[in-house]
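Just so we're on the same page: letters track the sequence lines, and every chain starts at 1. Just so it is clear, the structure is predicted and the values come from calculations on it, not from any experiment. Worth knowing before you read on, the calculation uses all heavy atoms, side chains too, and leaves out hydrogens, waters and symmetry mates.
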Amino acid sequence: MEERYHPELVEPKWQAYWKENQVFKVREDTSKEKYYLLEMFPYPSGKIHIGHVRNYTIGDVVVRYKRMKGFNVLHPMGWDAFGMPAENAAIDNNTHPAAWTYENISAMREQLKKMGFSYDWDRELATCRPEYYKWEQWLFLKMLEKKMAYRKESYVNWCEKCQTVLANEQVEQDKCWRCSKTVQQKKLWQWYFKITDYAEDLLVHCDKLPGWPDKVTVMQKNWIGKSIGSALKFKIDGKNEDIEVFTTRPDTIFGATFMCLAPEHPLVETLSRGTKQEDQVTAFVQKVSSQERSAEGIEKYEKEGVFTGAFCINPATLEKVPVYTANFVLMEYGTGAIMSVPAGDQRDFDFARKYGLEIRVVVQPEGDTLDGTTMEEAYTGDGFMVNSGEFNGLDNKKAMDVMTNWLEKKGRGQKTISYRLRDWGISRQRYWGAPIPVIHCPDCGAVPVPKSDLPIKLPEDANILEKGGSPLPTLDFFAKATCPECGRKDAKRDTDTMDTFVESSWYYLRYCSPRYEGGMFDHDAVKYWAPVDQYIGGVEHAVLHLLYSRYFMRVLHALGMIDFKEPFTRLLTQGMVCKETMTCPDHGYLFPEEALKEDKGNLVCTKCKKDVEVGRVIKMSKSKKNVVDPNELLEKYGADVTRLFCLFAAPPERDLEWSEDGVEGSHRFANRVWRFAMECLEKIDGLKPFKGAASDLSSKQAKDLYIKANQTIQKVTDDIDKSFHFNTAISAVMELVNVLYSIDLDSADDELKKVILFSLENIILLLSPILPHFCEELFEKLGRTGSIIEQPWPEYRKDSIKTDEVIVVVQVNGKLRSKFTIDAGVEEAIIKEKALADEKILKYVGDKKPKKIIIIRKKQTLINIVV
RNA sequence: GCCGAAGUGGUGGAAUUGGUAGACACGCUAGACUUAGGAUCUAGUGUCGCGAGACGUGAAGGUUCAAGUCCUUUCUUCGGUACCA
């Protein structure tokens, strides 16, 4: 008999068994209810990290549980294999992105297999394979046909020195991360998906996703950013042309004393041309174009602007108001032009003060008198209208509609809705991605590649340019093309690749029929499996990935390819894995193994013996060195104990604080179960686990244990099924194990032994989703055959979860004063009588007559005596 | 600034609809066993107090027989987002 659990022997044994017997292979089976569980697939960076381990462990437990519950479960895994890290690694290590990616995939696949996850590996996919991205290109062409994809000119971050486009995260304080040259905004022609067509639908359905955390739907709603307002037209003075603005405050139009255009607004140039303002305007636009217009950037720049030299007519007052261009107006939002009401908007107020523009109060708060010349900040609240002609005295909230209607009659405005959401730009001037299947012809323009030519394969033998640029435009055999329309030989292939979010927007459908060659997916397979019942991943994808996926399903739905619109019925966003940082005064951040614990309990740096400062508990990251390596955990504790700790330390949605001591504790628990099982095998022979009701048992000890075991089954089932709170499920099993340890096996009679066997067997079944290898092994040792995952999930007996006696908690004036036990069925009068006769209670009640006595008989039995 | 979440022992965390606060685990203390143990077992462990007892869920109020849980105000931390007109 093995004294201890030996993961190095047991885990490979069962992994081999699972593989050999194809235990996790699934296919459509209409006789069973399906369950599709998916964890967000990883980017193949080379090594799995502890965040993956946690994510996939959570999913694996649910999958194994559902399998035992009788569901036909789809649980696939694959690789989000395109993306920039491969290009960077290629430059840094003088290798090729493809080689690097494929090596990483095989290394990570091995690691995942060692964790014992129940994937159907036959469904594995990698998005960088032409068999995969062929269908993405196919969909692109379809979207192009339906005008769901289009091309427009827009700005990208561009590094002149590296001759490449930079993603936002590659821009560090306005500079290129690789060469530190200041990044410029460059205008390029790019492909877009018209996600804005679905802004309203995506927004409305946020409220129809009950299985999603509110946090995520709220973030999506904010991202879509719907606002209701009015589109108003201001006629340009001296021209027969209008400037259209969007405002959420049409009630303040009488206070619009100037107008501001975004620097990129086409009218800025037109209006200033030929005026004495021209030079100033050009200089200003130039200056703003080099400013970083991101979150941090904005803080740095003061609100400023330049008069364009033109005026326009306020449609309400009919006054001439000056037109400015200002750095705080965004071209991408609304119409790129705003009517400025300095009395009612803080930005406009600051701007007006700076340039000496009129501040005219139009909304007066109740019981106050604001004055534009003396007020210190804008008033954005509600009130009644002033200085607004015929509308004076009206409540401003009512005025919004009234005034919009008034302007509408004059042909100067109408009610409208604006969204913050912008179309999805998918062109990337990068190499390691799916090529965009378009050919540019000097005569025919952008021509779709014929579907029969798909896939347009990414040439895998090309080398990344030294500075990180894409080699595709330089490769004649790739870039030179014949126009499919007119046959011109000097056409040029589109050398951009697609955003990697495109691949991840539909991969979960591909899993349903991963080798299907007739289309993106086999309709019957998708009809059976999709949508995903439970999706699990990091909250960092709350907006982009999840929103793009929701959009893609709407596209496929519109194309008649699927009959649902929401890809993920339930979503769990798991918390981050955190750990304290450690710093040495000389060596900076230290890895855990670089800090040595001395006898006194203090930590010192292994290099210089100086005291280590222990910092805050934060998300694990390589740069802070507060990491643990899953490989080392596997080596030291095995997969099962690692899984156990990930689940026990915190509920899944919360951040998990990594603790080496905690892992030790999990290790100890596993061995406690192991040793108990071994002792049972040795001392209990020839008996079968007890079957029946608690009332059939004669001894109190057997009865109590049997009830406890049944309660444990109930608790574990509820915790997994209803809330994924594995930590409390594990606690419940620990309690049962503790009870078992309190029993002396040598003096136990056969009846008790049978109940012990019942308990042990159920402990193994209940723990099997969490500790799969461990439980398979114990199950086998108990003489059972086959994989434990093919066993039915245990059911508790309803007649055996309540004890005969209950504890009565006695309170006097709401304070706990005494307790006693009593038969569960007794009448209230008896409880009252017994409570009032209680010695300790008499002390508090004395001869006072109780004013009120409250008896509660729910989970607890409680009596509160009020005197 | 705005939106969201969370504050409970030395630590991670438990506590259906308000009903014994601190389950379970880590750590710590003492003991047992052992050639040894970072193995294992037993007991103890919210704070103050010799004690009876009092006090305790970020803070302050409130509702209630009864509040970690409900209401009001407030503080802190974390996450998201941002000249969005």
- Message: Just the rounded figure in Å: distance from P of B/C26 to CZ of A/F645.
- Response: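 After rounding, the gap between these two atoms is 11 Å.
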
- Are A/K840 and A/D838 ion-paired here, with the side-chain N under 4.0 Å from a carboxylate O?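 Salt bridge between A/K840 and A/D838, a charged N being under 4.0 Å from a carboxylate O: no.
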
- Query: Distance between the C1' atoms of B/G10 and B/A5, in whole angstroms?
  - Reply: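 Comparing C1' positions in B/G10 and B/A5 gives a spacing of 26 Å.
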
- Message: Syn or anti for B/G12? Use the chi torsion, O4'-C1'-N9-C4 for purines and O4'-C1'-N1-C2 for pyrimidines, with syn inside 90° of 0.
- Response: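 With its glycosidic angle more than 90° from zero, B/G12 counts as anti.
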
- Message: With salt bridge (charged side-chain N to carboxylate O under 4.0 Å, His left out) as the rule and sequence neighbours excluded, what pairs involving residues 855-867 of chain A come up?
- Response: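 Not a single pair qualifies under salt bridge (charged side-chain N to carboxylate O under 4.0 Å, His left out).
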
- Message: Just the rounded figure in Å: distance from C1' of B/U77 to CD1 of A/I618.
- Response: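 Checked: the CD1 to C1' distance equals 14 Å.
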
- What distance, rounded to whole Å, do you find between the two C1' atoms, one in B/U57 and one in B/G18?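 To the nearest whole Å, 15 Å.
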
- Pairwise C1' distance for B/G56 and B/A21, with rounding to whole Å: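 9 Å, rounded to whole Å.
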
- A/Y355 and A/F258: aromatic ring centres closer than 6.0 Å? no

- Item | Comparing A/W223 and A/K852 on RNA chain B - which has the more 5′ nearest nucleotide |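 The residue mapped nearer the 5' terminus is A/K852.
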
- Message: I want to check one thing: is the phosphate of B/G53, taken as OP1 and OP2, less than 4.0 Å away from some side-chain N or O of A/Y844?
- Response: yes

- Message: According to side chain to side chain donor-acceptor pair (under 3.5 Å), who are the partners of A/K354, at least two apart in sequence or on a separate chain?
- Response: A/E302

- Query: With the sugar-phosphate defined as primed atoms, P, OP1 and OP2, and the base as all remaining atoms, what B/S/- string results for nucleotides 11-20 of chain B, 5' to 3', for protein heavy atoms under 4.0 Å?
  - Reply: -BSS-BB-BB

- Message: Tell me the interatomic distance from A/E332, atom CD, to B/A82, atom C1', rounded to whole angstroms.
- Response: 13 Å

- Start with the C-alpha gap between A/D350 and A/Q346, add the side-chain angles, then the distance that decides, and say whether side-chain hydrogen bond (donor to acceptor under 3.5 Å, both in side chains) holds. CA-CA 6 Å; A/D350 294 343; A/Q346 193 55 41; 3.0 Å; yes

- Could a donor-acceptor pair under 3.5 angstrom be found where the side chain of A/K303 meets the base of B/C83?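 Checked by distance alone, the answer is yes.
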
- Flag this pair as yes if the NZ/CZ of A/R817 is under 6.0 angstrom from the six-membered ring centre of A/Y844 and inside a 45 degree cone about the axis; otherwise no. yes

- Task: Would you mind reading off the distance between A/R675 atom CZ and B/A39 atom P, rounded to a whole angstrom?
- Result: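 The distance from CZ of A/R675 to P of B/A39 comes to 11 Å, rounded to the nearest Å.
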
